Protein chains: 2
Amino acid sequence: MQIPEEISGLRMTRQRQEVYRFLMEGRSHPTANEVFMHIKEALPNVSLATVYNCLEALVQHKIVRKVNFDREPSRYCPNLDEHGHFHDETTGTIHDIKFKPGINLTDLLDLPANTVISDIEITLRGQLA
Amino acid sequence: MQIPEEISGLRMTRQRQEVYRFLMEGRSHPTANEVFMHIKEALPNVSLATVYNCLEALVQHKIVRKVNFDREPSRYCPNLDEHGHFHDETTGTIHDIKFKPGINLTDLLDLPANTVISDIEITLRGQLA
DNA sequence: AAGGGAAATTAGAACCATTCTTATTTGTAT
DNA sequence: ATACAAATAAGAATGGTTCTAATTTCCCTT
């Protein structure tokens with residue numbers, strides 16, 4: 001799995017490839033440490049700082065999204081579509097939540113005039129009964 | 001400003017009163033440290049750990065909400081109505097955002113079946129042009 | 001009003017995700 | 001092939017928050 005061409009300007013290193021590959025393969029919203037543990041199998045000398053650097057580079061280039069739940073360790077999400085996250089308190093797993101068709105979130109909010117929104121985050125917590 | 005009666009079970013201490021008072025007076029979404037700095041004027045020997053304890057107690061008793069923006073220091077919000085937060089990147093200030101009348105957020109999301117939602121958080125980032 | 005026991009407070013140590021620093025290595029344009 | 005900018009590794013540093021242990025305070029019972 002190669003990082004696509006459109007990400008030029010981002011120097012292609014073994015470490016970035018592995019981080020990218022792991023994010024794309026699993027649909028697990030891993031933390032930096034989870035990425036670290038996994039890619040160590042392929043790259044035994046990789047450092048945690050490098051994993052953070054790679055993830056940051058991917059975030060900057062809008063290849064992945066960084067998502068936060070409370071102040072838990074940040075997680076990284078390869079789904080770039082606008083979506084929210086459901087955090088299942090029973091299993092600890094995270095599910096992407098799509099909006100129903102035709103929904104424009106900012107239309108539903110009572111925003112101050114002249115507001116330019118650059119980012120929206122929706123987080124739900126609960127249980128799958 | 002007294003903590004209301006309905007919060008019995010919560011022992012009323014000078015520290016909790018000051019924390020509560022400060023949260024209710026300002027509409028500033030302060031951090032624990034900001035609360036600490038302010039109530040020190042009235043209670044010079046108060047400790048930061050106590051401020052954390054008081055805030056936690058107020059959160060547990062649903063007198064205030066704890067809100068997080070990315071992994072910045074947690075902030076505390078005395079507004080208990082269901083609402084979102086707009087984080088103005090220019091000034092760093094936070095504004096409560098009401099939903100337009102009649103909006104039920106979960107109706108607009110493509111949730112898995114049998115989902116019980118216990119909490120929703122909406123965060124917007126941007127600028128007031 | 002006094003005593004006792006549970007709960008809250010204090011001070012500082014500990015924790016842990018993340019960032020920073022510095023020396024070394026690696027990619028890539030020339 | 002070379003050189004230079006950028007990325008990596010290792011570990012130290014940072015900073016918000018939580019924990020620990022000793023002390024103090026609240027409040028119920030007498």
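Sequence lines set the chain letters: A, B, ... in the order given, protein chains first and strands last, and positions in each chain run from 1. Source: prediction; values computed, not measured. Basis for what follows: all heavy atoms, side chains included, without hydrogens, waters or symmetry-related copies.
Following rounding to the nearest Å, B/Y52 (OH) and D/dT18 (C1') show an atom-to-atom distance of 9 Å. Taking atom CG of B/N68 as the reference point, atom P of C/dA17 lies 16 Å away to the nearest angstrom. Per the geometry, CZ belonging to A/R16 stands 11 Å off P belonging to D/dA6, to the nearest Å. Per the geometry, CD belonging to A/E18 stands 15 Å off C1' belonging to D/dT8, to the nearest Å. Separating the CG atom of B/L55 from the P atom of C/dA8 is a distance of 14 Å, rounded to the nearest angstrom. One can place CD of B/E56 at 16 Å from C1' of C/dT9, the figure rounded to the nearest angstrom. When the P atom of C/dC16 is taken as reference, atom CG of A/D70 falls 18 Å away, rounded to whole Å. If you take CG of A/L48 and P of C/dT18, they are 9 Å apart, rounded to a whole angstrom.
Taking side-chain N and O atoms only, B/R71 has a distance below 4.0 Å to OP1 or OP2 of C/dT18. A/S47 has no side-chain polar atom (N or O) that falls below the 4.0 Å cut-off from OP1 or OP2 of D/dT8.
Tracing side-chain contacts under 4.5 Å through hydrophobic residues (I, L, V, M, F, W, Y), one never reaches A/Y20 starting from A/M37; they form parts of separate clusters. Linking ILVMFWY side-chain heavy atoms closer than 4.5 Å, directly or via other members, places B/I122 and B/I94 in two distinct hydrophobic clusters.
With contacts defined as side-chain heavy-atom distances shorter than 4.5 Å, the pair B/K98/B/D81 does not qualify. Between B/I63 and B/M24, some side-chain heavy-atom pair lies under the 4.5 Å cut-off. By the 4.5 Å heavy-atom criterion applied to side chains, B/L55 and B/L23 are counted as neighbours.
Looking at every heavy atom in both residues, B/D110 comes nearest to A/K100 through N-CG, 4.3 Å. Scanning all heavy atoms of the two residues, the minimum distance from A/P78 to A/V64 falls at CA-CG1, 4.3 Å. Closest approach of A/F36 to A/L48, counting heavy atoms only: CE1-N, 3.4 Å. When all heavy atoms are compared, the tightest approach of A/E18 to A/I39 is O-CG2, 3.7 Å.
When heavy atoms are screened at a 4.0 angstrom cut-off, A/S74 is found touching the sugar-phosphate backbone but no base atom.
Remark: nothing in residues 32-46 of chain A comes within less than 4.0 Å of DNA chain C through any heavy atom.
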>> Please encode protein proximity along nucleotides 19-30 of chain D as a string of B, S and -, counting only heavy-atom distances under 4.0 Å.
In response: B-----BBS---

